[in-house]
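Report on the structure given below.
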Amino acid sequence: MIYAPRLPRIGTFDAWRDAARALASNDVPPDQIDWAMQDSDAGLFGASGAPLPSARDMTVPKAFIPLARQVCASRTAGAHDLLYRVLLRSRGAPRLLSNRADPQVQRLEEIGKNIRRDMHKMKAFVRFREVTEQGANRRSFLSWFEPDHRIEELIGGFFTRRFADMDWAIVTPEVTMRFAAGDLSVKAVQSARLDLSDETEALWKTYYANIFNPARLKIKAMQSEMPKKYWKNLPEAELIPELIANAEAQVRVMQEQAQSQPPPRAAKVLDRLPLREMPCALASCARCPLGAKATQAVAGEGPRDAPLMIVGEQPGDYEDLAGRPFVGPAGQLFDTLALEAGLDRRAAYVTNAVKHFKFTPRGKRRIHQSPHRSEVEACRIWLAEEIEQIRPALIVAMGATAAQALTGSGTDVLKRAGRVEEGTDGLPVLVTVHPSAILRASNGSALRARLIGDLKQAVEMCDRIAALPPDR
Ligand code: URA
């Protein structure tokens with residue numbers, strides 16, 4: 001007898017779980033099951049398999065469910081079947097999933113990893129276009145994206161949390177996710193690629209063409225960091241082939257002009273933004289309104305293998321102009337106190353929770369304003385990207401905004417200072433005070449001692465971690 005569960009495009013995991021429970025709890029062997037997506041030609045037996053037996057009670061190892069959710073989104077041939085085989089085997093071996101030497105478990109982990117990678121790319125490369133109608137009381141945004149796998153349901157929650165205060169739709173070739181007035185709907189809808197071109201896109205392309213540096217062209221590196229398949233999601237990508245084709249000739253022109261022509265400012269900024277995948281996307285970030293007023297986005301800087309990451313609030317007036325974090329008064333104080341604590345700032349990766357300067361103009365001056373929680377949330381994706389790429393052993397959160405971005409809570413920083421907490425990215429976060437608080441305080445000596453002490457603790461922790469054998 002052959003069973004032929006057909007999995008719907010929306011609710012794939014739930015349908016797989018229900019069918020797998022019915023089949024596994026009745027000991028149906030994997031070879032009697034033909035798993036396929038509904039509406040696909042992939043199934044050998046069409047939809048006419050035997051009716052599924054009634055499910056009986058069964059338990060599965062806790063770690064199986066999150067992995068199964070991811071694997072169910074995979075387009076890899078045989079993924080649903082493999083998942084079922086591991087499910088059957090794990091009934092008598094609850095530790096099976098932690099056996100990394102098991103070839104089936106290894107394969108499942110690999111599939112899960114590909115899904116997580118696809119989700120990560122979608123988070124980084126989705127570009128929203130504003131489509132707010134006149135008179136509407138909420139702003140609306142639209143985006144087109146082509147993921148490799150069926151990850152829309154897995155990722156809907158991420159975009160909902162990030163963009164809770166606006167309406168948006170993300171359209172993919174098979175699914176439309178729409179978030180309106182606080183409700184997310186995810187529907188299976190076939191769509192042709194949306195053409196979202198407009199003047200903003202034309203402007204962005206001009207900017208990209210101008211900051212593209214042919215002398216630094218490394219096609220392989222470019223394709224591995226921003227694989228070709230993602231180019232279709234980016235407006236600037238259609239310029240890339242022509243820019244590459246003209247690169248050599250342009251380098252010659254640049255060499256001839258080198259003496260007389262200073263590099264454009266934008267190119268300087270972009271060269272310094274150190275992390276892969278971030279520069280282009282961050283420079284054009286419109287996830288919150290702050291970028292519209294600031295001079296530029298300020299990414300973090302420091303060694304890519306830095307064991308310590310220092311996170312502040314947002315660039316200030318000086319940082320906004322210089323395009324580098326912590327170079328103004330607060331930055332200079334930080335450098336001094338860090339040295340007293342035995343920390344050479346250049347050994348750490350220094351960044352901010354929010355990448356644009358928020359200010360209100362007063363005469364000729366720009367007065368700092370604290371970022372709103374929604375702005376911290378909107379910017380969180382960039383900090384997450386930096387954390388993902390640096391993978392520091394320890395993060396220091398200086399002040400409430402950094403604590404909010406890294407731990408989910410920005411309250412009681414003074415009480416929490418010196419404590420190491422678990423960050424939302426799973427890394428240890430040492431909470432401390434911000435150098436600006438010392439500058440503002442009438443008697444800042446207690447805060448100063450606090451910050452020095454906490455930085456000292458951070459250095460010691462990093463030294464201890466570095467001294468551990470590599471597999472710990
Ligand atoms: N304050 C911060 O939090 N970050 C900077 O980069 C500068 C001042």
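Everything numeric in this text was worked out from a predicted model, so none of it was measured. Order of listing sets the numbers, starting from 1, for every ligand and every atom in it. We're numbering straight along the sequence, starting at 1. Quick note: numbers below take in every heavy atom, side chains included, and nothing from hydrogens, waters or symmetry partners.
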Discussion item. What protein heavy atom lies closest to atom 4 (N) of ligand 1? Include the residue and the distance to one decimal.
Written reply: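 For atom 4 (N) of ligand 1, the nearest protein heavy atom is N352 OD1, 2.7 Å.
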Discussion item. Starting from atom 2 (C) of ligand 1, what is the nearest protein heavy atom, named by residue and atom, and what distance separates them?
Written reply: Q314 O, 3.0 Å
Practice prompt. Check H434 against ligand 1 and report side chain, backbone, both or neither, counting heavy atoms closer than 4.0 Å.
Written response: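 Side chain only.
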Practice prompt. Can you sort out which atoms of ligand 1 are near G312, meaning under 4.0 Å from one of its heavy atoms?
Written response: 3 (O)
Worksheet item: Against heavy atoms of E313, which atoms of ligand 1 measure under 4.0 Å?
Response: 2 (C), 3 (O)
Item to complete: Return yes if a side-chain donor-acceptor contact under 3.5 Å exists between Q106 and E110, otherwise no.
Response: no
Worksheet item: Checking K293 against F359: charged group under 6.0 Å from the ring centre and within 45 degrees of the axis?
Response: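 Judged by the rule, K293 and F359 form a cation-pi pair.
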Worksheet item: With a 4.0 Å cut-off, would you call R9 and E152 a salt bridge?
Response: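 Yes, R9 and E152 are salt-bridged.
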Discussion item. Strictly below 4.0 Å, N to O, side chains only: are D425 and R380 in salt-bridge contact?
Written reply: yes
Fill in: Sub-3.5 Å N/O-N/O distance, F326 and ligand 1
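Indeed, backbone or side chain, F326 has an N or O that close.
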Worksheet item: Counting N and O atoms only, with roles assigned by atom type, does the side chain of D454 sit under 3.5 Å from a partner on the main chain of T432, one being a donor and the other an acceptor?
Response: no
